[in-house]
Asks: 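To start, I am sharing the structure in question, which I have written as structure tokens.
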Amino acid sequence: MQKSFDLFFVSSNNHKYHEAKKILDSFGIKLGFLKSDLEEIQSNSLNDIAIKKARSAFSKHKKPIIIEDDGLFISSLEGFPGPYSSYVFKTIGNKGILNLLKNNRKAKFVSIITYCDKTILESFDGKLNGTISKSQKGKGWGYDPIFIPKNSNKTFAENNSNKNELSHRYKALKKFSNWYLHK
Ligand code: ITT
């Protein structure tokens, strides 16, 4: 069964996997899922966190894998929660973020996808600019109810019909696919 996959997404987050799978399907790459809680180092750099996560995922599973590390960077908060996005979502959540914001609501989502196998370790990034809404809108996971991508007036939770064609995840996975299919 597992033989039909090209590589595996190692993560504790089902939502990230489902979006990544759809995106890689569109590039003809079959992505399996290894649900796993990976130890995350404390660092100000998504890149460093992603590299450590990828190394530990490969040494645990011994198969070609990708991992993803994301951050929501809010301009008026000097980039907070950034590399701490997962922890901040679990603690103060969207409500807590909204309470911290005043007029400047600029933000960006960043994704780092890191591939690791026996001999290769390679990272790819994707960024999506947007704004933080004034209240939570729509039903969606993570920060989707408060993130409005640029050129839209709806949060990702209100309208996710084209999320997988423009998201930070899509942009990083597109770069990854170009590399992976030609390596
Ligand atoms: P891993 O096991 O893969 O690390 P995680 O959920 O801890 O899963 P991250 O460390 O990358 O993943 O955390 C980033 C957080 O940012 C994540 O938990 C979500 O709350 C949020 N996030 C990332 N991408 C998102 C998206 O497309 N839409 C909404 N929220 C997102």
Side-chain angles (χ1 to χ4, degrees), residues 9 11-20 22-24 37-54 66-115 122-179:
F9 190 82
S11 172
S12 61
N13 188 324
N14 296 27
H15 302 287
K16 282 172 39 171
Y17 167 65
H18 287 301
E19 291 185 9
K22 269 195 195 139
I23 294 164
L24 287 191
D37 253 320
L38 296 171
E39 198 193 328
E40 223 165 270
I41 59 154
Q42 288 250 332
S43 165
N44 292 333
S45 155
L46 286 189
N47 248 308
D48 290 352
I49 298 170
I51 284 170
K52 295 267 164 43
K53 244 162 79 167
I66 52 173
I67 60 84
E68 179 184 17
D69 204 63
D70 297 305
L72 176 69
F73 293 76
I74 299 176
S75 299
S76 65
L77 304 179
E78 313 295 338
F80 179 85
Y84 309 102
S85 294
S86 183
Y87 178 73
V88 167
F89 183 76
K90 285 180 201 144
T91 50
I92 64 171
N94 286 331
K95 209 170 153 212
I97 295 275
L98 291 176
N99 287 338
L100 295 173
L101 296 190
K102 298 212 167 72
N103 291 334
N104 176 1
R105 312 192 73 87
K106 266 171 60 180
K108 69 179 173 198
F109 257 135
V110 178
S111 162
I112 308 286
I113 294 285
T114 302
Y115 171 88
E122 201 68 47
S123 293
F124 307 85
D125 67 342
K127 297 187 179 99
L128 177 65
N129 290 322
T131 51
I132 301 297
S133 57
K134 295 218 162 106
S135 60
Q136 298 195 55
K137 289 184 185 147
K139 285 210 166 66
W141 64 279
Y143 297 110
D144 278 358
I146 60 167
F147 186 81
I148 302 174
K150 68 168 188 210
N151 303 326
S152 171
N153 53 15
K154 293 206 158 89
T155 66
F156 262 152
E158 288 177 288
N159 174 21
N160 73 354
S161 59
N162 58 356
K163 182 180 178 190
N164 290 330
E165 289 149 38
L166 56 87
S167 71
H168 51 311
R169 183 163 297 109
Y170 167 78
K171 290 178 179 174
L173 284 169
K174 187 177 177 194
K175 286 184 192 167
F176 162 74
S177 301
N178 277 336
W179 169 84

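Note: hydrogens, waters and symmetry copies are ignored here, and every other heavy atom, side chains too, is used. Computed from a predicted model, the values in this text were never measured in an experiment.
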Asks: Minimum heavy-atom separation for His168 and Leu128, please, with both atom names.
Replies: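 Between these two residues, the closest heavy atoms are N-CB, 3.9 Å.
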Asks: Quick one: does Asn94's side chain get under 4.5 Å of Tyr143's, heavy atoms only?
Replies: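 They are in contact (side-chain heavy atoms under 4.5 Å apart), so the answer is yes.
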Asks: Does the side chain of Ile97 reach to within under 4.5 Å of the side chain of Pro81, using non-hydrogen atoms?
Replies: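 Yes, close enough: below the 4.5 Å cut-off.
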Asks: Considering only heavy atoms from C-beta outward, does the side chain of Phe73 approach that of Asn129 to under 4.5 Å?
Replies: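 A side-chain contact under 4.5 Å is absent here.
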Asks: So does Gln136 get a backbone contact from the side chain of Ser133, meaning a donor-acceptor N/O pair under 3.5 Å?
Replies: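 Pair absent, no side-chain N/O of Ser133 close to backbone of Gln136.
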Asks: Quick one: closest heavy-atom pair of Pro145 and Thr155, and the distance?
Replies: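 Nearest heavy atoms, Pro145 then Thr155: O-CG2, 3.3 Å.
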Asks: Please find the pair of heavy atoms, one from Pro83 and one from Ser45, that lie closest to each other, and give the distance.
Replies: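 Smallest heavy-atom distance, with atoms named: CG-N, 4.4 Å.
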Asks: Are Ile66 and Leu173 side-chain neighbours, meaning at least one heavy-atom pair lies under 4.5 Å?
Replies: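 Answer yes - side chains close enough.
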Asks: Which atom pair, heavy atoms only, marks the closest approach of Leu46 to Asp70?
Replies: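 The pair with the smallest heavy-atom distance is CD2-O, 3.8 Å.
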Asks: Could you tell me how the ring of Phe109 sits relative to the ring of Phe147: parallel (under 30°), tilted (30 to 60°) or perpendicular (over 60°)?
Replies: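 If you compare the ring of Phe109 with that of Phe147, the planes turn out tilted.
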Asks: Does any N or O in the side chain of Asn13 come within less than 3.5 Å of the main-chain N or O of Lys16, such that one atom is a donor and the other an acceptor?
Replies: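 Pair found, side chain donor or acceptor close to backbone of Lys16.
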Asks: Measure from the side-chain N and O atoms of Arg105 to the backbone N and O of Ile132, and report whether any donor-acceptor pair falls under 3.5 Å.
Replies: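 At least one qualifying donor-acceptor pair exists.
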Asks: Could you check whether any side-chain N or O of Lys175 sits under 3.5 Å from a backbone N or O of Asp125, counting only pairs where one atom can act as donor and the other as acceptor?
Replies: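 Yes, the answer is positive, given that a donor and an acceptor are paired below the 3.5 Å cut-off.
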Asks: Is the shortest heavy-atom distance from the side chain of Leu101 to the side chain of Leu77 under 4.5 Å?
Replies: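 Yes, at least one pair of side-chain atoms sits under 4.5 Å.
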Asks: Does some side-chain heavy atom of Thr91 sit less than 4.5 Å from a side-chain heavy atom of Tyr87?
Replies: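 Answer yes - side chains close enough.
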Asks: Got Phe124 and Lys171 here, is their nearest side-chain heavy-atom distance under 4.5 Å?
Replies: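 Phe124 does not reach Lys171 side chain to side chain.
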